[in-house]
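A quick write-up on the structure given underneath.
As the structure is a computational prediction, the values presented were derived from the model and not from experiment. Ligands are counted one by one from 1 in listed order, and the atoms in each one are counted from 1 as well.
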Amino acid sequence: MPGLSSDTIRQLSDLHPKPDIKFQYGTAGFRTVATVLDSVLFRVGILAGLRSKKLDGKTIGVMVTASHNPEEDNGVKLVDPRGEMLESSWEAHATTLSNASTTDDFIQVLETFVQTAKIDLSKPSRVVYARDTRPSGPALIAALEDGFKAIGVDAHDAGVTTTPILHYLVRAINTKGTPESYGEDSEEGYFLKLSEAYKKLVAGRATPEPLLLDCANGVGADAAKKLSKYLGDKLPIVLTNTAIGTPGALNNACGADYVKTSQKLPPSLSNLLKPGQRGCSLDGDADRLMYFHLDERGQFRMLDGDKIAALVAAFIVELVKGAGLEEHIKVGVVQTAYANGASTKYLADRLPVKCVPTGVKHLHHAAEHYDVGVYFEANGHGTVLFSPSTQEMLSQHQPSTPAQSTALNHLINLTQVINQTVGDALSDMLLVEVVLSHKSYSGIEWDSLYTDLPNRLVKVKVADRNIFRTEDAERRLVSPVGLQDKIEGLVRRYEGGRSFVRPSGTEDVVRVYAEAVLRPQADELAFRVAGLVYDETGGDPASRPREFI
Ligand code: G16
């Protein structure tokens, strides 16, 4: 095993010089235009090795993806041993290491870090890594592998796969042969686990009408094709936007982010989705899911992460009651400021609801405080967590009636169909299909659980998004000073108005969200706040919110 000052690290580091750019490990790891990421990937390779050594040789995951971002971007994030996001104290270390300007600086920062974090370099280090389908992926993987080589990592290449499958693999590898075994540690093991649980949950029920699945021309296309084979006729799926090899097609006018932000059907689906049919969109790495349908008048209706949370939480509460466990298992929901006000009201009337800052790691941690924690971001990123004691209770509980036994079995099978490591579009899709089948809901009944307040999300490109700081789960700006008061002044003019501004952690923009009772008012409020942000902070003229040019 090479030491830190070994020639190997130096020589390899020299092959991956750092450009004159400031990097930051943000909401979903490092993410920016792919051409500048080479040194970051090399250093992340080393960091992943050190993280594994620090955790006594447990396997760490590395995913190379930029998820919903355009094709020219790429990124990388680390996955901790239970398949969860990297512990937040290490995000700062990742940022520091990525910003050392020369090889000498880098080795010095590395040595200090190893000492202060008390990392025993003699420990083994194991990493499993994967990438999405972006053309920039192979070169970045090569840089990552140089990082592994530099620190002597036992690295396993999981190839081209979805982010949630990589999270699954990390947990499956680390729990293999233990009582907490998460499943077979292979892609096949993942498909088998999900499809078997799904089949048990829908056994004896009518085969649903085909589901139209928009794969965003990304890695989800391959995964969905494989999953579909395992499901057979239990869930007919029509795959679309599967053009993985077509340059520029990824996330372009399709996929979950397009649907959520434009609140429109991807144009490529306009002749495919029939009235009454269910459709859904994955994002570029298949960790987000958006459902939609055409209503009785042929109008596009979006069923986003909030609607998924409402559907799923109510179903789980019903099963818990049905199993006779309502005194023992409490279900709670976690949302972010982006949750539609109507969804928060609907859920809070029935269940405990918590609001946390954007980013799956925040939702995941908050959801761990419930016996069953349902968390979904409005953008379709989310999952359900069953606490270890709840899972134990489900496996031990003796039902007193056949009906209780059925509900209990459904709950146990739900723990298997749900990927509890992270938001997983394919697993969430099966979960939604199970609930729709059990409730005999079409999109129309599901949609009618509550009526969304009209809302609008706008991006503003500003000179420096780092001057934006928030509090109260990102619902209020504390910096730039004075801007929050002005936003509130605008909000007061709109009935049912609500708006907030926050810097994105994945794109170089500031995001503005607004909702109001009427559609034109929600749009107007969003663009007025966006204009305010632009004017107050010197935005890029090319990106001044269009309505105000
Ligand atoms: C990532 C995070 C999500 C977050 C989203 C947008 O999603 O994992 O939790 O909601 O970015 O973040 P922001 O508004 O800060 O750009 P993904 O699907 O892109 O990995």
Side-chain angles (χ1 to χ4, degrees), residues 24-32 61-71 73-80 83-86 88 91 130-132 134 162-167 215-216 218-220 250-251 254-261 281-290 304-306 308-309 334-339 355-367 375-383 419 421-428 457-462 465-466 468-470 473-475 500-513 533:
Q24 195 180 347
Y25 195 99
T27 319
F30 293 104
R31 199 176 285 185
T32 185
V62 179
M63 184 70 202
V64 178
T65 180
S67 191
H68 71 278
N69 291 46
E71 191 168 290
D73 287 357
N74 213 325
V76 61
K77 58 187 162 192
L78 294 183
V79 179
D80 262 355
E84 72 279 41
M85 299 290 187
L86 176 68
S88 47
E91 293 181 1
R131 66 173 173 92
D132 69 15
R134 283 161 206 269
T162 71
T163 295
I165 290 179
L166 192 265
H167 284 251
C215 300
V219 68
L250 178 71
N251 294 329
C254 63
D257 197 54
Y258 174 87
V259 171
K260 179 64 185 167
T261 47
S281 290
L282 314 176
D283 71 341
D285 64 341
D287 60 4
R288 296 194 201 177
L289 180 70
M290 278 286 142
D304 65 1
D306 299 337
I308 296 175
V334 186
Q335 300 186 310
T336 71
Y338 288 113
C355 181
V356 298
T358 301
V360 179
K361 64 177 180 213
H362 298 294
L363 290 108
H364 196 91
H365 289 147
Y375 75 80
F376 275 91
E377 295 184 286
N379 63 25
H381 205 164
T383 187
N419 185 351
T421 61
V422 78
D424 178 337
L426 293 175
S427 157
D428 291 339
L457 189 58
V458 180
K459 291 183 201 181
V460 188
K461 200 153 171 55
V462 295
R465 77 188 201 274
N466 293 315
F468 287 80
R469 296 199 196 285
T470 61
E474 302 181 321
R475 288 174 287 199
F500 65 89
V501 173
R502 57 173 283 278
S504 161
T506 62
E507 293 174 67
D508 190 15
V509 296
V510 166
R511 301 201 197 278
V512 174
Y513 175 89
V533 166

Are R288 and D257 ion-paired here, with the side-chain N under 4.0 Å from a carboxylate O? yes

Please determine if E91 and K361 form a salt bridge, counting it only when a charged side-chain N lies under 4.0 Å from a carboxylate O. yes

Would you kindly specify which portion of [X] sits under 4.0 Å from ligand 1, judged on non-hydrogen atoms: side chain, backbone, both or neither?
| X | value |
| --- | --- |
| L363 | neither |
| D285 | neither |
| T336 | neither |

Contact check: [X] vs ligand 1, nitrogen or oxygen atoms, below 3.5 angstrom:
| X | result |
| --- | --- |
| G505 | yes |
| T506 | yes |
| T358 | no |
| H68 | yes |
| V360 | yes |
| Y338 | no |

[atom] - nearest protein heavy atom and its distance:
| atom | value |
| --- | --- |
| atom 18 (O) of ligand 1 | S67 OG, 2.7 Å |
| atom 5 (C) of ligand 1 | R288 NH2, 3.4 Å |
| atom 8 (O) of ligand 1 | H381 CE1, 3.2 Å |
| atom 9 (O) of ligand 1 | E377 OE1, 2.6 Å |

Does any donor atom in the side chain of E507 or H68 lie under 3.5 Å from an acceptor atom in the other side chain? yes

Is the shortest heavy-atom distance from the side chain of [X] to the side chain of [Y] under 4.5 Å?
| X | Y | value |
| --- | --- | --- |
| V356 | H365 | no |
| R502 | P357 | no |
| L426 | L282 | yes |
| D287 | S67 | yes |

Which heavy atom of Y338 sits nearest to which heavy atom of A378, and what is that distance? O-CB, 3.6 Å

Note: S504 and R465 closest approach over all heavy atoms is O-NE, 2.8 Å

What are the atoms of ligand 1, with element, lying closer than 4.0 Å to any heavy atom of [X]?
| X | answer |
| --- | --- |
| R511 | 13 (P), 14 (O), 16 (O) |
| S504 | 13 (P), 15 (O), 16 (O) |
| G359 | 9 (O) |
| D283 | 18 (O) |
| R31 | 17 (P), 19 (O), 20 (O) |
| R502 | 13 (P), 14 (O), 15 (O) |

Does the [X] side chain pair with the main chain of [Y], one donor and one acceptor, at a distance under 3.5 Å?
| X | Y | value |
| --- | --- | --- |
| R31 | G26 | no |
| E377 | G359 | yes |
| N251 | G284 | yes |

Heavy-atom proximity to atom 10 (O) of ligand 1, best of T27, D287, N379: N379

